[in-house]
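Structure record follows, encoded as structure tokens.
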Amino acid sequence: MATTSYFQLHRCSPIPLSLSSSCCCPCRPSPSKTLVLTRPRAKLGHLDLLFDGNRRALGLGRNGASASRRLIAVAARAEPEQLGEDNAHQEVHKGHKLSMNEDAVSEHQQKATAVAAAVFVGAREYFELVRSHGITAGMTPPPRYVSRVCSVICALMPLVTLYRGQIDVSVTSAAFFVAMALLLQRGNPRFAQLSSTMFGLFYCGYLPCFWVKLRCGLAAPALNTSFGSAWPILLGGQAHWTVGLVATLISFSSIIAADTCAFLGGQAFGRTPLTTVSPKKTWEGTIVGLGGCIATSVVLSRIFCWPKSLLSAIAFGFLNFFGSVFGDLTESMIKRDAGVKDSGSLIPGHGGILDRVDSYMFTGALAYSFVKTFLPLYGV
């Protein structure tokens, strides 16, 4: 334990605080400019001020970072004539930065939770399709308890991706234990049970995680985006506009444009069927959808100034279109084998969650891989 020392605060250059601003008692007289402390440790609310020689440290109590922001703001505004206007503004700016960082983390957590909820519903729909009469006529579905466990595992994957960044080890371990449960079950295990379960983990759990990695993992600032400089500080400021956010907006918009243009083009010019998996899709509608997707990607790349290269914007639009068409056809194949029109009835008149997000299933992985691997400096 350090011995009790007497010193003057103004010699140690601490942030000056008036006792009236930190004390809850309004009747207590204000101290003089020079304040002598007789204890090396003084408690202020939930904050611990530790003094050791010419150093000072700040320990936080239960209120955590929110208390630190309040202390910084109070300390910066307490006596600016002693601290100086520049230093006061710097301390307030630090408080704002802490607040924005906490808001960004909270926003990412809320979005990952929403993705996890959608993934759980989609996984439940998938395993119900696997157990449908059309598919079970040619194979043995996995046991119902395995389907439920896999749905929970799929829902946890986006959360693990957000907090750990990588889920390769987690997915491999989960797949191993699920495979062991299938092999050790009573009766006669079938390969069809294993294959349908592993594909469910991949399709409903692993693929959506790339949207979390794209939106939250690519945190490099989009420096050339003009929206960032004019974006309100209360909504995150310029730091809110990251490469991940811009890439996600362009991908979502390109997929919507591809689906819309393909539908309109097929209605107007459709003559040649694209594939027997989805008889209503035509080559003419597909070509129109490709043009709409690439055009949307190029236009938005000029608006957001990302990516800088025109060729990269065209390639990004093509990948988004290819991923959306492949995801749409994959879900159509599953429904066709199951003998159903819709994957579920969650959305009246529009089917289940898989019917709404089938175009997004593979697109997130392609978009993330493209930005992470092929764009120098993430396209900034």
Side-chain angles (χ1 to χ4, degrees), residues 108-136 139 141-163 167 170-171 174-175 178 192-216 248 251-252 255-256 258-259 277-278 320 323-368:
H108 291 168
Q109 291 174 349
Q110 293 175 0
K111 292 180 178 179
T113 303
V115 173
V119 165
F120 177 78
V121 177
R124 295 295 300 152
E125 291 180 358
Y126 166 80
F127 284 106
E128 288 299 323
L129 289 175
V130 171
R131 300 185 64 86
S132 63
H133 177 72
I135 294 181
T136 56
M139 60 164 280
R144 191 171 292 275
Y145 74 91
V146 173
S147 301
R148 292 171 179 171
V149 171
C150 288
S151 299
V152 175
I153 293 175
C154 291
L156 293 176
M157 287 185 187
L159 300 177
V160 175
T161 303
L162 176 65
Y163 290 105
I167 60 170
S170 302
V171 171
V178 170
Q193 296 176 323
L194 181 63
S195 60
S196 61
T197 302
M198 294 299 106
F199 181 77
L201 290 175
F202 169 77
Y203 183 69
C204 299
Y206 185 70
L207 288 179
C209 293
F210 283 96
W211 285 112
V212 178
K213 297 175 73 173
L214 178 67
R215 173 61 184 91
C216 305
T248 303
S251 293
F252 271 57
I255 294 172
I256 295 173
D259 291 342
V277 173
S278 184
N320 286 323
S324 65
V325 171
F326 187 72
D328 194 348
L329 293 177
T330 300
E331 206 245 346
S332 297
M333 180 180 62
I334 297 174
K335 292 190 297 183
R336 186 180 181 87
D337 285 352
V340 297
K341 180 182 178 181
D342 299 323
S343 63
S345 58
L346 178 66
I347 308 174
H350 296 277
I353 194 75
L354 288 181
D355 295 316
R356 298 298 93 201
V357 301
D358 54 358
S359 299
Y360 300 84
M361 299 301 286
F362 292 94
T363 313
L366 293 176
Y368 176 80

What distance do Tyr145 atom OH and Cys150 atom SG have between them, rounded to the nearest 0.5 Å? 10.0 Å
Give a yes or no answer on whether the side chain of Trp211 reaches the backbone of Val115 with a donor-acceptor pair at less than 3.5 Å. no
Would you indicate whether the side-chain heavy atoms of Gln193 and Pro141 approach each other to under 4.5 Å? no
Side-chain contact test, heavy atoms from C-beta onward, threshold under 4.5 Å: evaluate it for Val130 versus Ser147 and give yes or no. no
Across all chains, not counting sequence neighbours, the ring-ring contact (aromatic ring centres under 6.0 Å, His included) partners of Tyr163 are none
From Tyr368 atom OH to Thr248 atom OG1, the distance as rounded to the nearest 0.5 Å: 11.5 Å
Do Leu354 and Ile334 pass the side-chain contact (heavy atoms from CB on, under 4.5 Å) test, and can you show the C-alpha distance, the side-chain angles, and the key distance before you say yes or no? CA-CA 11 Å; Leu354 288 181; Ile334 297 174; over 6 Å; no
Nearest 0.5 Å, what's the CG-CD1 distance between Asn320 and Ile255? 5.5 Å
Hydrogens and angles aside, do Ser343 and Asp355 bring a side-chain donor and acceptor to less than 3.5 Å of each other? yes
What I'd like to find out is whether the side chain of Asp328 reaches to under 4.5 Å of the side chain of Ser278, using heavy atoms alone. no
Identify the two heavy atoms, one from Gly205 and one from Met157, that lie closest to each other, and give their separation to 0.1 Å. C-SD, 3.3 Å
Would you give the length of the straight line joining atom OG of Ser251 to atom CG of Leu214, rounded to the nearest 0.5 angstrom? 6.0 Å
If I compare all heavy atoms of Leu159 with all of Ala116, which pair ends up nearest, and what's the gap? CG-CB, 4.1 Å
Can you tell me how far apart CD (Glu128) and OG (Ser151) are? Round to the nearest 0.5 Å. 8.5 Å
I'd like to know whether Val171 forms a side-chain contact (heavy atoms from CB on, under 4.5 Å) with Leu201, so could you lay out the CA-CA distance, the side-chain angles of the two residues, the decisive distance to 0.1 Å, and finally the verdict. CA-CA 8 Å; Val171 171; Leu201 290 175; 5.8 Å; no
Measure the shortest side-chain to side-chain distance between Val178 and Met198 over non-hydrogen atoms and say whether it is less than 4.5 angstrom. yes
Grab the two heavy atoms, one from Val119 and one from Cys154, that are nearest each other, plus how far apart they are. CG1-O, 3.2 Å
Step through it carefully: locate the ring centre of Phe210, locate the ring centre of Phe362, and say whether they are under 6.0 Å apart. no
Counting C-beta onward and ignoring hydrogens, is there a side-chain heavy-atom pair between Tyr203 and Thr330 closer than 4.5 Å? yes
Side chain to side chain, Val340 and Leu129, heavy atoms closer than 4.5 Å: yes
So, Arg131 side chain and Pro142 main chain: donor-acceptor pair closer than 3.5 Å or not? yes
Which atoms form the tightest heavy-atom contact between Pro208 and Met361, and what is the distance? CG-CE, 4.2 Å
Distance, nearest 0.5 Å, that separates NZ of Lys335 from CD of Glu331: 4.0 Å
Are the side chains of Val152 and Phe120 in touch, meaning some heavy atoms are under 4.5 Å apart? yes
Nearest heavy-atom approach of Ser132 to Ala338 is OG-CB, 3.1 Å
Non-hydrogen side-chain atoms of Ile347 and Arg356 separated by less than 4.5 Å: yes
Please report the closest heavy-atom contact between Gly323 and Leu366, naming both atoms and the distance. CA-CD1, 3.7 Å
